[in-house]
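Below: the structure, in C-alpha cells.
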There are 2 protein chains.
Amino acid sequence: MTRTIKVLLAEDQSMVREALAALLGLEDDIEVVVQVARGDEVLPALREHDVDVALLDIEMPGATGIEAAALVHAELPAVKLVVLTTFGRPGYLRGAMEAGADAFLVKDAPASQLADAVRKVLAGERVIDPTLAAAALADGANPLTDREREVLRAAADGSTNAELATVLHLSQGTVRNYLSTAIQKLAVRNRAEAVRIARDKGWL
Amino acid sequence: MTRTIKVLLAEDQSMVREALAALLGLEDDIEVVVQVARGDEVLPALREHDVDVALLDIEMPGATGIEAAALVHAELPAVKLVVLTTFGRPGYLRGAMEAGADAFLVKDAPASQLADAVRKVLAGERVIDPTLAAAALADGANPLTDREREVLRAAADGSTNAELATVLHLSQGTVRNYLSTAIQKLAVRNRAEAVRIARDKGWL
DNA sequence: AGGGCCGTATGACATCTGTCATCCGGCAGT
DNA sequence: ACTGCCGGATGACAGATGTCATACGGCCCT
C-alpha cells in the first residue's frame with residue numbers, strides 16, 4: 001500500500017454523516033479528514049485540506065451535491081468525486097455525470113460499495129449502478145425547458161396560478177401555458193401529477 | 001459495567017444501516033446483534049434474538065417503525081424502543097409515543113445522542129427532543145377524520161376526483177366534500193397544499 | 001433570408017375543483 | 001328521546017385549471 005486515501009465527507013444529517021465516517025474509519029487505507037454539512041461548504045473545505053476523494057450527498061442545504069461537484073470539478077479537477085444519494089433518480093445520475101462525478105452510489109446499496117468506490121475512483125475507474133444507468137438512458141434527457149421547470153418547481157407547493165404569476169413576474173395566462181405544455185410533455189393529466197413524475201425522474 | 005447492551009437495528013437503506021452499526025460498534029458497551037431492513041421483520045427477529053433495545057427507523061417497507069414499535073410493545077414489553085427518523089414531524093413523535101416508544105431521535109441530531117439514547121432508555125429514562133415535543137403539543141392532535149385522511153392520502157399522487165371516487169368506492173361529490181373539509185381544517189386553499197402540510201405534520 | 005424553438009402574452013372555451021346547503025342512517029353520550 | 005358527530009350523498013354555483021389558436025420578438029442554425 002502507498003498511503004492512506006484522504007476523504008472529504010459532505011452530508012447534512014449529522015447522524016448519518018458521522019455514521020458513514022465511522023464506516024469508512026474501519027478501513028485501514030481510508031481516512032476522513034474533513035466533514036461538512038452543507039453543499040456550499042464543500043469547495044472552501046477542499047481549498048483548505050488536501051483531499052483525494054470527495055464524497056457528496058445530493059440533498060443538502062446551501063447547494064446540492066451535484067452543484068458542488070460541478071464547482072469542484074472546474075476548480076480542483078484532481079479531486080475525485082463520488083456522489084451519494086438516497087434517491088436513485090435517473091436525472092440525478094445524468095446531472096452528476098455532467099458535473100464530472102466519477103462515481104454514483106445509492107444509499108441502499110451494500111455498505112461495502114462505499115469504500116470500494118473510493119478506491120476505484122482513485123484508481124481512475126468510474127463506478128455506476130448498471131440498472132440506474134440503463135434507466136437514465138431509457139428516460140432520455142429532461143424534456144422540459146428552463147421556464148417550464150421553474151414554473152413547475154414553483155407550483156410544487158400548491159401555489160395558485162395567481163401566486164405563481166406574481167412570484168415569477170409572468171401573466172397568469174403564461175403560467176397556465178407553461179404548466180399545460182409541461183403536463184403534455186410528461187404525458188400526465190394535471191400539475192400535481194406533473195410535479196410528482198418530474199420530481200421522480202430527477203428533472204425538477 | 002455489567003454486560004454489553006444488545007441492540008436490534010431496523011433501517012431499510014443498507015449503507016445507512018451498516019454505517020449506524022459501525023457507529024454503535026465503536027462503543028464498548030453496545031453490540032448490534034441483529035439487523036433488519038423491513039418493518040415487518042422486526043418482531044420475528046426479536047422473537048429469535050435476545051435484545052435489550054430496538055432501534056427503529058420510521059420510513060421502511062413492510063411496516064413503519066411506528067407500527068413495528070406498537071407490535072413489539074404489545075408482545076415484548078421488556079424490549080426498549082428507540083425510534084429514529086429523518087423527518088422531525090410532530091405527528092410522528094406523537095405516534096411513536098402512543099406506540100410505546102422510549103426515545104425519539106432525528107437523524108440530524110449529533111451522532112453521540114444515539115449511543116446516549118440507547119443507554120438512557122435501558123436505564124428507564126425517556127429521550128425526546130424538547131423542541132420537537134413542544135411543536136407536537138402546540139400542533140395538537142390530527143384534526144382529520146379517518147376518511148378525510150384516506151382521501152387526502154389517495155389524492156397525494158395527483159389523482160383526479162373521478163379516479164379517487166372509483167378507487168375509494170365513493171361518489172365524486174363525497175370525495176370533494178372530504179377534500180373540502182380537510183382543506184378547511186388545515187386552513188389552506190387547495191388539495192395540493194393540504195397534502196403538503198398534512199404530510200409535513202406527519203398526519204398523513 | 002428563412003425556419004425553428006423559446007419566452008411571453010391574449011382570449012375563448014370546456015372541464016375540474018372547492019364551497020355550501022341540505023339530506024339520510026347509524027351510533028355514542030346525556 | 002334528544003343531540004351531535006361521522007360516513008355518505010345530491011345539486012347548484014363560483015372560481016380555478018387546462019387546452020387551443022394565435023400573435024410577436026429574439027435567437028440560433030442553415
Side-chain angles (χ1 to χ4, degrees), chain A residues 91 94-95 98 139-204, chain B residues 91 94-95 98 139-204:
Chain A
R94 185 178 291 263
E98 285 171 5
D139 275 351
N142 188 338
L144 304 174
T145 68
D146 284 358
R147 268 334 226 167
E148 285 159 3
R149 224 173 42 248
E150 273 181 68
V151 176
L152 202 52
R153 206 185 303 130
D157 65 356
S159 295
T160 169
N161 282 336
E163 290 168 341
L164 296 175
T166 307
V167 174
L168 302 169
H169 305 292
L170 292 172
S171 85
Q172 254 191 72
T174 304
V175 168
R176 290 198 291 170
N177 288 151
Y178 285 144
L179 287 174
S180 183
T181 59
I183 287 166
Q184 287 173 73
K185 284 181 180 174
L186 300 176
V188 295
R189 275 189 324 303
N190 56 51
R191 63 182 69 193
E193 275 191 359
V195 166
R196 188 170 58 83
I197 94 107
R199 186 174 274 155
D200 215 73
K201 301 254 187 196
W203 288 343
L204 250 193
Chain B
R94 185 178 290 264
E98 285 170 6
D139 277 351
N142 188 337
L144 305 173
T145 68
D146 285 359
R147 268 335 226 167
E148 286 159 3
R149 224 173 42 248
E150 272 181 71
V151 176
L152 203 52
R153 205 183 304 130
D157 66 354
S159 295
T160 169
N161 282 335
E163 290 168 340
L164 295 175
T166 308
V167 173
L168 300 170
H169 305 292
L170 292 173
S171 85
Q172 257 192 69
T174 303
V175 168
R176 291 197 290 171
N177 287 153
Y178 284 143
L179 287 174
S180 183
T181 60
I183 287 167
Q184 287 173 74
K185 285 182 180 174
L186 300 175
V188 295
R189 277 192 319 307
N190 56 51
R191 62 182 70 192
E193 277 190 0
V195 166
R196 188 169 59 82
I197 93 106
R199 186 175 273 155
D200 216 72
K201 301 255 187 194
W203 288 342
L204 251 192

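The chains referred to below are lettered A, B, ... by the order of the sequence lines, with proteins before strands, and numbering in each begins at 1.
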Side chains of residues 193-204 of chain B: which donor-acceptor pairs under 3.5 Å do they make with residues two or more places apart or in other chains?
from: B:Glu193; atom 1: OE1; to: B:Arg189; atom 2: N; distance (Å): 3.2
from: B:Arg196; atom 1: NE; to: A:Asp157; atom 2: O; distance (Å): 2.8
from: B:Lys201; atom 1: NZ; to: B:Asp139; atom 2: OD1; distance (Å): 2.9
from: B:Lys201; atom 1: NZ; to: B:Asp139; atom 2: OD2; distance (Å): 3.4

Do any of residues 141-150 of chain A sit with a heavy atom less than 4.0 Å from DNA chain C, and if so which? A:Thr145, A:Asp146, A:Arg147

Taking heavy atoms of chain A and a 4.0 Å limit, find me the 5'-most and 3'-most nucleotide of DNA chain D within that range. D:dT17 to D:dC20

Pair A:Leu152-A:Leu186, side-chain contact (heavy atoms from CB on, under 4.5 Å): steps then yes or no: CA-CA 12 Å; A:Leu152 202 52; A:Leu186 300 176; 4.1 Å; yes

Output, in order, the C-alpha distance, side-chain angles, deciding distance and verdict of side-chain contact (heavy atoms from CB on, under 4.5 Å) for A:Arg149 and A:Asp146. CA-CA 5 Å; A:Arg149 224 173 42 248; A:Asp146 284 358; 3.5 Å; yes

Would you say B:Asn161 reaches C:dC16's phosphate, i.e. side-chain N/O to OP1/OP2 under 4.0 Å? no

Going by the rule salt bridge (Lys or Arg N to Asp or Glu O under 4.0 Å), which residues pair with A:Arg147 if we only count those two or more places apart in sequence or in a different chain? A:Glu150

Suppose we screen for salt bridge (Lys or Arg N to Asp or Glu O under 4.0 Å). Which residues come up paired with B:Glu98, at least two apart in sequence or across chains? none

For A:Leu170 and A:Leu164, what are the C-alpha separation, side-chain angles and deciding distance, and is it a side-chain contact (heavy atoms from CB on, under 4.5 Å)? CA-CA 8 Å; A:Leu170 292 172; A:Leu164 296 175; over 6 Å; no

Whole-Å distance separating the CG atom of A:Leu164 from the C1' atom of C:dT8: 16 Å

Among residues 168-189 of chain B, which contact DNA chain D at a heavy-atom distance under 4.0 Å? B:Leu170, B:Ser171, B:Gly173, B:Thr174, B:Arg176, B:Asn177, B:Tyr178

Donor-acceptor pair, A:Thr145 side chain versus A:Glu148 backbone, under 3.5 Å? yes

Please check if the side chain of A:Thr160 supplies one atom and the backbone of A:Glu163 the other of a donor-acceptor pair under 3.5 Å. no

Shortest non-hydrogen contact from B:Gly158 to A:Asn190? O-ND2, 2.8 Å

Heavy-atom pair with the smallest gap, counting every atom of A:Arg191 and A:Ser159: NH1-O, 3.9 Å

